[in-house]
2 protein chains.
Amino acid sequence: MSEPRAIAVQIGPISPAAPGALYQQIVTGFKREIGEGRLAGGIALPSFRLLAEQLLVSIITVRRAYEELEREGIIYRRQGLGTFVAADGRERSRAAKRGHAEALIRLAVQEATEAGLSPAQAKAFVSRVTTETLSEAKACKAPTLSKSAA
Amino acid sequence: MSEPRAIAVQIGPISPAAPGALYQQIVTGFKREIGEGRLAGGIALPSFRLLAEQLLVSIITVRRAYEELEREGIIYRRQGLGTFVAADGRERSRAAKRGHAEALIRLAVQEATEAGLSPAQAKAFVSRVTTETLSEAKACKAPTLSKSAA
DNA sequence: CCAACTGTATATGTTATATATACACACCAG
DNA sequence: CTGGTGTGTATATATAACATATACAGTTGG
């Protein structure tokens with residue numbers, strides 16, 4: 001008997017037009033799924049071929065993404081067996097997201113300062129955009145109450 | 001008589017190791033200098049060859065950067081004459097910085113949310129990092145009181 | 001053992017970046 | 001007006017990251 005195997009469609013959408021490399025989009029998607037607990041430790045990720053087929057990318061691109069996730073300790077690979085979420089994958093994924101978020105904020109503050117905003121103005125600007133983004137995100141999840149296919 | 005010509009050394013440091021393409025680093029540097037008013041409208045930017053020599057990059061890389069800045073309406077080029085800061089270069093530069101900052105914040109908030117933070121926690125996290133960054137930036141400018149060469 | 005899955009490795013094409021070199025335009029000294 | 005020296009401009013070339021196809025190697029279960 002083996003671990004349950006995750007479905008892949010939740011990772012998308014992956015697109016060459018989207019910002020960032022294809023493999024990076026896959027990495028980001030899995031960090032989200034693992035970080036939010038939808039892929040628990042021990043769960044097997046989709047195989048290279050399956051995910052490649054579903055996302056319309058090559059096997060090597062999937063491999064590249066999995067390599068990156070393994071380098072960060074979020075998943076591990078076993079030849080002939082498959083690829084699995086690490087026991088502490090969720091924590092590591094969340095830590096990576098937090099670190100990334102912090103770096104982005106620091107950049108944003110620097111940009112705001114260089115845009116001519118005073119420290120107080122910069123703080124207000126960041127606060128306003130943050131609140132806006134949070135309320136928009138909430139709005140996107142609320143209307144999902146209509147009946148959908150099982 | 002011609003417009004004064006700006007010096008280049010303030011743009012750096014430019015490095016292949018730094019994040020982003022070389023030409024992009026140059027773009028960012030000029031947006032900062034123009035946005036903060038140190039390069040006013042009408043001022044001539046350094047020539048391709050001079051800047052290339054000072055930054056240890058090729059002429060084409062400088063050209064690439066200037067093309068990008070012209071596309072955003074921050075500077076304009078005149079063959080045989082030189083490259084100049086646009087009349088509204090400062091405003092456009094600041095607007096670009098603000099837009100960039102806003103995009104970064106939205107990304108950061110999304111990452112923070114996917115890291116498992118609640119909206120309230122995300123807001124607190126953003127606020128804390130913002131304050132930290134601002135105080136660090138202030139600390140870097142204060143100690144510049146020692147005597148320096150004229 | 002063999003078939004059918006897994007992940008792995010090598011060679012190749014495409015694109016973005018960075019470069020060197022040669023060219024065209026504008027000003028100014030003579 | 002003519003040439004020199006400074007501008008920006010254009011073409012062809014090297015390098016690195018990204019993405020791909022194809023062939024290889026390990027694991028499992030009939």
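Excluded from the calculations below are hydrogen atoms, water molecules and symmetry mates; all remaining heavy atoms, backbone and side chain alike, are included. For clarity, every value in this text was computed on a predicted model and none was experimentally measured. Below, chains carry the letters A, B, ... as their sequence lines are ordered, and counting in each starts from 1.
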Self-check item: Atom-pair distance (CD1 on A:I14; P on D:dA19), nearest Å
Solution: 11 Å
Quiz prompt | Lys/Arg N to Asp/Glu carboxylate O, A:E91 vs A:R94, below 4.0 Å | solution = no
Quiz item: Nearest to the side chain of A:L81, which nucleotide is it out of D:dT27, D:dA21, C:dA18?
Solution: D:dT27
Quiz item: Taking atom types as modelled and ignoring hydrogens, do the side chains of B:K123 and A:S127 form a donor-acceptor contact shorter than 3.5 angstrom?
Solution: yes
Quiz item: Taking the side chain of B:I60 as its heavy atoms from C-beta onward, which of D:dT28, D:dT20, C:dT19 lies nearest to it?
Solution: C:dT19
Exercise. Round to a whole Å and report the spacing from CG of B:L55 to C1' of C:dT19.
Key: 15 Å
Practice problem: Go through residues 65-79 of chain B and report each residue with a non-hydrogen atom lying under 4.0 Å from DNA chain C, sorted by number. | Solution: B:Q79
Quiz item: Within the structure, does a side-chain N or O atom of B:S58 lie under 4.0 Å from either OP1 or OP2 of C:dA20?
Solution: no
Quiz item: Can we say B:E53 and B:R49 salt-bridge, meaning some charged N sits less than 4.0 Å from an Asp/Glu carboxylate O?
Solution: no
Quiz item: A:F84 CZ to C:dG7 C1': how many Å, rounded?
Solution: 10 Å
Exercise. Answer yes when B:E102 and B:R98 have at least one side-chain N-carboxylate O distance shorter than 4.0 Å, and no when they do not.
Key: no
Quiz item: Any Lys/Arg nitrogen of A:E68 or A:R64 sitting under 4.0 Å from an Asp/Glu carboxylate oxygen of the other?
Solution: no
Practice problem: Please state how far atom CG in B:L51 lies from atom P in C:dA18, giving the value in whole angstrom units. | Solution: 14 Å
Practice problem: Would you please confirm or rule out a distance under 4.0 Å between OP1 or OP2 of C:dA18 and any side-chain N or O of B:Y23? | Solution: no
Quiz item: Any sub-3.5 Å donor-acceptor pair from B:Q121's side-chain atoms to B:S118's backbone N or O?
Solution: yes
Practice problem: Starting from the 5' end of DNA chain D, give me the residue, A:I59 or A:Q24, whose nearest nucleotide shows up first. | Solution: A:Q24
Quiz item: Once you round it to whole Å, what is the distance between P of D:dC18 and CZ of A:R63?
Solution: 15 Å
Exercise. Take the protein atom CG of B:L45 and the nucleotide atom P of D:dG6, then report the distance between them rounded to whole Å.
Key: 19 Å
Exercise. Look at the side chain of B:R49 and decide which nucleotide, out of D:dT27, C:dC23, D:dA23, has an atom nearest to it.
Key: C:dC23
Exercise. Using a cut-off of strictly less than 4.0 Å, decide whether B:T83 has a side-chain nitrogen or oxygen near OP1 or OP2 of D:dT7.
Key: no
Self-check item: Member of A:L39, A:D88, A:I34 meeting the side-chain contact (heavy atoms from CB on, under 4.5 Å) criterion with A:S93
Solution: A:I34
Quiz item: Rounded to the nearest Å, what distance is computed from the CG atom of residue A:L56 to the P atom of nucleotide D:dA21?
Solution: 11 Å
Quiz item: Of all the choices, C:dT19, C:dT21, D:dA19, which nucleotide is nearest to the side chain of B:T61 once you look at every atom?
Solution: C:dT19
Quiz item: In whole angstroms, how far is the P atom of D:dT15 from the CG atom of B:L22?
Solution: 16 Å
